[in-house]
Q: 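Before we start, here is the structure in question, set down as structure tokens.
Any value given below was found using the heavy atoms of this structure, including those in side chains, with hydrogens, waters and symmetry copies removed.
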Number of protein chains: 2
Amino acid sequence: MKHLINTVKIAVNEKTYVKNPESSDLGKRIVQSGIALISEVGFENFNFRKLGARIGSNESSVYRYFENKHKFLIYLSSWYWGWKEYQLVLTTNNIQDPAFKLERALNVLTEPVEADSSFSYIDEAALYQIVINEYSKSFLTKEVDRENKEGYFEIYKRMVGRLQDMILAVDPDYPFAASLASTVLEGAMHQYFLKEHFPSLTDCSDKDALYNFFKHQVFTSLNVQIDD
Amino acid sequence: MKHLINTVKIAVNEKTYVKNPESSDLGKRIVQSGIALISEVGFENFNFRKLGARIGSNESSVYRYFENKHKFLIYLSSWYWGWKEYQLVLTTNNIQDPAFKLERALNVLTEPVEADSSFSYIDEAALYQIVINEYSKSFLTKEVDRENKEGYFEIYKRMVGRLQDMILAVDPDYPFAASLASTVLEGAMHQYFLKEHFPSLTDCSDKDALYNFFKHQVFTSLNVQIDD
DNA sequence: AGTTAGTGATAGTAATACTATTATATTTGC
DNA sequence: GCAAATATAATAGTATTACTATCACTAACT
């Protein structure tokens, strides 16, 4: 993905980190290698000791950037959603026709993630894998309500809100815009996961099928004609 | 829910346990108190030592029934899906009209869980909470492919298959029957979770709304007339 | 030159997720 | 009724995890 502006930064809730990892070389290496390590071994088998070793540093240094691995996951996924939101806004900006705008939005949300050279130390494709496999674990906890109050899920909620607005722009009388928006976002990740691990449970064996499935689902719900 | 038959047993993959918990009083207490404990403290804060203490027994005794807490979660969720499948079959059995049959199925899958007196030692409502909050964690692991091969997710997959068949009975040409079925099953749980913790992301504030959302979504996808 | 911030190394702690062993209680088979 | 088998309970031990605390070193800045 090419950007019009080269100096964009993704703003993540400051409470997710102790010290901003973007502020130092070590911080960036923590994020970069953290993404690689989690996508290799999975979040359960990931810890700060392994990460420290991987970057030729130490467990204690990682703790100076992130309180614990749960917060680290929230940081990473917030960054991802912020990045995705940026793409969504860029792609749909200035489109007047609500139906076409919604179509473009669904395309952004279902297309596979490509590397983005603007953020050199972040491997967006690996990060996307992490989000698919681990994101649910960041909110399926007993602390979800407190953490939600503290704003850890703001960006994701804003994404759902944006999609909801685009749905309502097409059909202001549709009564389930929030549910449809959250179903599409969650469903896109889930269908991607199923494709990899439970192929019999999905028809979305490629990018186009995934897009067409959700496009069909959304536009028939809104009772709007689509061109095939 | 009242049953026609009183001697039904839910068959769970034998590999999920070391010794069948249904075969002894202690086993049933492990399951019963395990459900209570997990729904109270969450799966992360749950362990066999706490469970042993709660049933006036010992950690080591629990290990004789279940290899580890991950397998215990798979056992519990398999039991839940087996129980839900049984309800689905009972409810839709002998219905000739495909659209009506699918409607009844969606109703079963979206309605809140009530206690079922046929399985005295299992609190189905608490178990449903566990499934909503923890089920994803049973397959969002690095071991998912191996465990899938070993058949740990068979019942859930069969459920998706049944719903898929009912969808195809209504519209044999619909190209996304598997994806729609898996989206409905996963989505129903997710919308329920959102209602509890992220109410702004859902319109399903009650049982009827949840049912109507998915009914609308499914039947408009299939382009079949529904009565509101 | 002295303070400070950032990093690295080591050690220690409480809890977790088990395994192994032994002891006791209960059931069963004859 | 008793021996053998089985089920359960208690204890101890291990490796790992998820941290916390302390100290030492270096670079930078004042």
Q: Can you tell me how far the OG atom of B/S57 sits from the CD1 atom of B/I30, to the nearest 0.5 Å?
A: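 Between atom OG of B/S57 and atom CD1 of B/I30 there are 6.5 Å.
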Q: Find the distance between NE2 (B/H70) and CD (A/E44) and round it off to the nearest 0.5 Å.
A: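 It is 9.5 Å, given to the nearest 0.5 Å.
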Q: If every non-hydrogen atom of A/A178 is compared with every non-hydrogen atom of B/D203, which pair is closest and at what distance?
A: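 It is N-OD2, 2.9 Å.
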Q: Name the residue from A/F214, A/F213, A/Y211 that meets the ring pair (Phe, Tyr, Trp, His ring centres under 6.0 Å) definition with B/F176.
A: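 It is A/F213, the one option of A/F214, A/F213, A/Y211 that forms the ring pair (Phe, Tyr, Trp, His ring centres under 6.0 Å) with B/F176.
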Q: Quick check on DNA chain C: between B/N45 and A/G56, whose nearest nucleotide comes earlier from the 5' end?
A: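 Result: A/G56.
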Q: Does NZ or CZ of A/K195 fall inside the cone over A/Y192's six-membered ring, less than 6.0 Å from its centre and within 45° of the axis?
A: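 Yes, A/K195 lies over the aromatic ring of A/Y192.
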Q: So A/W83 and A/Y80, would you call those rings parallel, tilted or perpendicular, with 30° and 60° as cut-offs?
A: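 Rings of A/W83 and A/Y80: tilted, 30 to 60°.
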Q: Respond yes when some side-chain nitrogen or oxygen of A/R49 is under 4.0 Å from OP1 or OP2 of D/dT17, and no when none is.
A: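 True: A/R49 side-chain N/O within range (under 4.0 Å) of D/dT17 OP1/OP2.
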Q: Taking 5' to 3' order, which nucleotide of DNA chain C is first and which is last to have an atom within less than 4.0 Å of a heavy atom in chain A?
A: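 It runs C/dG6 to C/dT10.
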Q: Measuring to OP1 and OP2 of D/dT8, would you say a side-chain N or O of B/K19 lies under 4.0 angstrom away?
A: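 Answer is yes, contact under 4.0 Å.
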Q: If you look at every strand shown and take non-hydrogen atoms under 4.0 Å, does A/S61 touch a base, only sugar-phosphate, or nothing?
A: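 Contact class for A/S61: base.
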Q: Counting the atoms with a prime plus P, OP1 and OP2 as sugar-phosphate, which does B/F66 contact under 4.0 Å by heavy atoms, base, sugar-phosphate, or nothing?
A: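 Nothing: the residue B/F66, judged by heavy atoms under 4.0 Å, touches no strand.
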Q: From OH of B/Y65 over to C1' of D/dA9, roughly how many Å is that when rounded to an integer?
A: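 Distance, rounded to whole Å: 13 Å.
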Q: What pairs meet the salt bridge (Lys or Arg N to Asp or Glu O under 4.0 Å) rule with one or both residues in residues 50-72 of chain B, with sequence neighbours excluded?
A: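 For residues 50-72 of chain B, and leaving out neighbouring residues, the salt bridge (Lys or Arg N to Asp or Glu O under 4.0 Å) pairs sorted by first residue read B/E40-B/R54, B/E67-B/K71.
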Q: Could you tell me which non-hydrogen atom of A/S182 sits nearest to which non-hydrogen atom of B/H190, and how far apart they are?
A: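 Scanning both residues, the minimum pair turns out to be O-CD2, 4.4 Å.
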Q: Starting at the 5' end of nucleotides 18-27 of chain D, put B wherever the base has a protein heavy atom under 4.0 Å, S where only the sugar-phosphate does, and a dash everywhere else.
A: SBBB------
